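Take a look at the structure below.
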Amino acid sequence: MTSSVRGAQLARLLGQWHALPGRHRRPDYAALAAAVRGLLSDGRLPLGVRLPAERELAEALGISRTTVSAAYRALRETAHLTSRRGAGSWTTLPQGHRVATSGLWAAGDDGDVIDLGVAASPAPDELIGAARAAADDLPRYLGSAGYHPTGLVELREAVADDYTARGVATSAEQILITAGTQQALDLVLRLSVPAGAPVLVESPTYPNALAALSARRARISTHGLDAATGWDGELLLGALRQGRPRVAYVIPEFQNPTGHLMDAALRERLVATAHTAGTELIVDESFVDLSLDGAEMPPPVAVFDRHSRVVSIGGMSKAYWGGLRIGWVRASAPLVQRLAAIRVGVDMASPVLEQLVAVRLLAQAPQIVAARRAQLRGRRDALLGALRDHLPEWTVTVPAGGVMLWAELDGPISSALSRAAEDVGVRLAPGPRFGLDGTLERFLRLPFALDEETLTEAVKRIASVRYDLDRGARPTWRAPAVIA
Ligand SMILES: Cc1ncc(COP(=O)(O)O)c(C=O)c1O
């Protein structure tokens, strides 16, 4: 984890920090303080990080030290910063704020905020019935201590059967049940990525995967996905051959955040090249159930694996419910045992009751998944329609599945727009949050997990502040000073 940020680094993160809407035009110090708060709330500046000395930041930004002093004072007043003489200034979480499920910071009193920072849906109707049935089933397990580090056999079997049905023969011994896909990723990284090891990820990618990699102190390099066309096969395979990373992390189904689906031919070549390069592939299948237009799905990446190069991870958060915290790893049986041994040092095992709920839900998979797909299809189309109506300058590639789209904006305004959107009650995750180096300002991830009406309202609000950003360049009306 970074413990301090240099002036030049913070300047790069801040980007166009003074680009704020005309209506909200404020003095430089206030704009700078707002931009730092924006970085805190979208997670690019973590909690407890030491900010550069005032003079250093002033030099990096080419502004006066007085402006930086005033901005730091403003941040102290809102409790986003704590300073101690001689020791420096640290970012802090203001009282009443909380960490949101997306990993982003959120104000505590945000009841009316439309949250487009989270790409996950509410629970299906079937959940309550599944929970009741699971409670009735619980006595079967109450006679034992209840710790099952690899997971309950009946759930491992259900997950394994699903892989087998998708075309990759799998036994229960090859499945480890985890607390969500996120823990699956963390455990695999603990085993496979020593500090400083090179890791290849897509750019853009899922921010909490980047957080897990930073926690392992991985040396991260990226393969850039094209917003319209997705992976460039030659570049991706070239990056593996040349960089020979220890691990490559990919999201081949409805990639977060671009929504692209990797075709079968590239899957096959990816596995072959990873084998030659000595790279382990971590394949995140979080969105695999969510094909929205009925297209035939390519086979799982693991189908092409003949040398145990592929570890697949997945879970129930997207098609079922994130609150269950059920995920899994599919790997060779010996690897599953090694992961289970690590997992005992983390949280021992997954809760028995939740696993029984998961078994009941998976038994109703066809019906639950079909309803989820229909719901998301309607919401995706509503979001696309609202964007066409209210933000026609933006370019969007229609995702064939998943929960989100990746809009290309009409300028490098993603962070400024996200800050302005907060003022009209919309929380956004700006493009740079999905990359490493403060780029991706031309992009914005828009999930379509909320209902149609809310999505349309959110787009209208975003559009209203979008056009304000341009007006910011013009002189704004001020009350005339009284001349006595
Ligand atoms: C690509 C990807 N991986 C992992 C996760 C984490 O999922 P879980 O809730 O199963 O831990 C998400 C959630 O958004 C995701 O998009």
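Nothing fancy with the numbering, it's 1 onward along the sequence. Keep in mind the model is a prediction, meaning the values are calculated, not measured.
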I need the [X] [atom1] to [Y] [atom2] distance, nearest 0.5 Å.
X    : Y    : atom1 : atom2 : value
L185 : R190 : CG    : CZ    : 11.0 Å
Y320 : L361 : OH    : CG    : 7.0 Å
E253 : L261 : CD    : CG    : 6.5 Å
S192 : L281 : OG    : CG    : 11.0 Å
I220 : T222 : CD1   : OG1   : 9.5 Å
L39  : H80  : CG    : NE2   : 11.5 Å

Looking at F448, is R379 sitting on its ring face, NZ or CZ under 6.0 Å from the six-membered ring centre and within 45 degrees of the normal? no

Does [X] reach the side chain of [Y], with side-chain heavy atoms less than 4.5 Å apart?
X    : Y    : result
R37  : T78  : yes
L210 : T205 : yes
F254 : N256 : no
V188 : E280 : yes
D162 : L362 : no
V459 : L383 : yes
M316 : W321 : no
V396 : L446 : no

Distance alone, cut at 3.5 Å: any donor-acceptor contact between the side chains of [X] and [Y]?
X    : Y    : result
D284 : Y206 : no
R372 : Q375 : yes
Q255 : T258 : yes
S414 : R442 : no

For S350 and Q355, run side chain to side chain donor-acceptor pair (under 3.5 Å): C-alpha distance rounded to whole Å, both residues' side-chain angles, the deciding distance at 0.1 Å, then the answer. CA-CA 7 Å; S350 289; Q355 293 184 76; 4.8 Å; no

Please check if the side chain of [X] supplies one atom and the backbone of [Y] the other of a donor-acceptor pair under 3.5 Å.
X    : Y    : result
R461 : V424 : yes
S286 : G314 : no
T279 : A248 : no
T164 : T170 : yes
Q182 : N208 : yes
R325 : G322 : yes
D305 : R309 : yes
R466 : L391 : no
Q174 : S171 : yes
K460 : A386 : no

Kindly give the heavy-atom pair with the smallest separation between [X] and [Y], and that separation in Å.
X    : Y    : answer
L270 : L237 : CA-CD2, 3.8 Å
L417 : L428 : O-CD1, 4.4 Å
Y163 : S312 : OH-CB, 3.7 Å
L155 : A358 : CD1-CB, 3.9 Å
V193 : A218 : CG1-CB, 3.8 Å
L240 : A274 : CD1-N, 4.1 Å

Let me see the working for E285 and K318 under salt bridge (Lys or Arg N to Asp or Glu O under 4.0 Å), right down to the final yes or no. CA-CA 10 Å; E285 302 181 309; K318 304 301 172 180; over 6 Å; no

Please check if the number of heavy atoms outside D125 that lie under 6.0 Å from its CG is greater than 12. no

Is atom CD of E393 surrounded by more than 12 heavy atoms (other residues, nucleotides or ligands) closer than 6.0 Å? yes

Check the angle between the aromatic planes of F434 and W406 and answer parallel, tilted or perpendicular using the 30° and 60° thresholds. perpendicular

Kindly indicate, with the supporting measurements, whether the criterion side-chain contact (heavy atoms from CB on, under 4.5 Å) is fulfilled by L200 and Y249. CA-CA 6 Å; L200 182 74; Y249 168 76; over 6 Å; no

For a side-chain contact (heavy atoms from CB on, under 4.5 Å) check, start with the C-alpha distance between V329 and I175, then their side-chain angles and the critical distance, and finish with the verdict. CA-CA 6 Å; V329 178; I175 303 294; over 6 Å; no

Could you walk me through whether E422 and V465 satisfy the side-chain contact (heavy atoms from CB on, under 4.5 Å) test, starting with their C-alpha distance in whole Å, then the side-chain angles of each, then the deciding distance to 0.1 Å, before giving a yes or no? CA-CA 10 Å; E422 289 268 343; V465 288; over 6 Å; no

Do the side chains of D347 and R343 get close enough for a salt bridge, i.e. N-O under 4.0 angstrom? yes

Hey, is R132 close enough to D136 for a salt bridge, meaning N to O under 4.0 Å? no

Output, in order, the C-alpha distance, side-chain angles, deciding distance and verdict of side chain to side chain donor-acceptor pair (under 3.5 Å) for S415 and E441. CA-CA 7 Å; S415 295; E441 277 290 2; 2.7 Å; yes

Can you tell me which residue among R377, R380, R373 is in a side chain to side chain donor-acceptor pair (under 3.5 Å) with D293? R380

Test side chain to side chain donor-acceptor pair (under 3.5 Å) on T454 and D451 and set out the steps. CA-CA 6 Å; T454 309; D451 66 73; 2.9 Å; yes

How far apart are the C-alpha atoms of V311 and R330, what are their side-chain angles, what is the distance that settles it, and do they pass the side-chain contact (heavy atoms from CB on, under 4.5 Å) test? CA-CA 6 Å; V311 174; R330 178 200 181 273; over 6 Å; no

